[in-house]
Amino acid sequence: MKADIEAQIQAVFHDREVYPAGSYKPVYITEVKWNGQMDHFIVQYKLSESTYTFHYDKNHDDSIQADPVEQLKAEVAYVIRMCERGIGAKVYYPCTTITLTDFHQKSPSSRNDKGEAQ
């Protein structure tokens with residue numbers, strides 16, 4: 001069963017090319033990791049310079065789908081659409097948190113004289 005779930009998760013992310021708003025170069029979803037649990041189903045992935053953490057707890061309210069993989073599919077589709085449009089609303093990805101990891105969050109010691117990330 002675990003292998004089937006892993007295959008379904010990988011299928012959600014397989015060959016997903018994303019064109020962020022204002023860009024002509026695609027970015028890809030990388031570093032997909034599942035914690036292997038169904039009760040506290042967590043999938044983490046990177047898209048561009050951000051880390052996305054999908055956390056499905058079986059005690060979520062009724063607005064969230066009963067199947068964590070189906071909820072993951074819906075939220076990943078919305079995150080991609082949000083990235084491509086440059087705008088979105090948290091109500092459409094309730095189980096996902098976004099951690100920005102761009103150069104503004106790197107320590108000052110990792111920047112060159114012009115303030116650019118290295």
| said: Using a 3.5 Å distance criterion without hydrogens, assess whether the side chain of Lys90 forms a donor-acceptor pair with backbone atoms of Tyr93. | reply: yes

| query | Is it true that Glu84 and Arg81 have a side-chain N and a carboxylate O under 4.0 angstrom from each other? | reply | no

| Within a strict 4.5 Å, meaning less than it, do heavy atoms of the Thr51 and Gln44 side chains meet? | yes

| field | Close side-chain approach of Ile9 to Phe54, heavy-atom, < 4.5 Å | value | no

| field | Met82 versus Ile98, closest heavy-atom pair with distance | value | CE-CD1, 3.9 Å

| Side chain proximity check, Arg16 to Leu47, heavy atoms < 4.5 angstrom | no

| Any donor and acceptor pair, going by atom type alone, linking the side chain of Glu75 with main-chain N or O of Thr96 inside 3.5 Å? | yes

| Shortest non-hydrogen contact from Tyr24 to Tyr19? | O-CE2, 3.5 Å

| request: Specify the closest pair of heavy atoms between Lys2 and Gly36, including all atoms of both residues, with the distance to one decimal. | output: CE-O, 3.2 Å

| request: Please report the shortest heavy-atom distance between Val43 and Phe41, naming the atom on each side. | output: CG2-CE2, 3.6 Å

| N/O donor-acceptor pair under 3.5 Å between Tyr56 side chain and Val69 backbone | no

| message | Would you say OH of Tyr28 has more than 12 non-hydrogen atoms from neighbouring residues, nucleotides or ligands within 6.0 angstrom? | response | yes

| request: Check each of Val12, Asp15, Val76 against Ile29 using the side-chain contact (heavy atoms from CB on, under 4.5 Å) test, and report the only one that passes. | output: Val76

| query | Tell me, do Val32 and Gln10 make a side-chain contact under 4.5 Å, heavy atoms counted? | reply | yes

| request: Indicate the atoms forming the closest heavy-atom contact of Tyr78 with Ala89, along with that distance. | output: OH-N, 3.0 Å

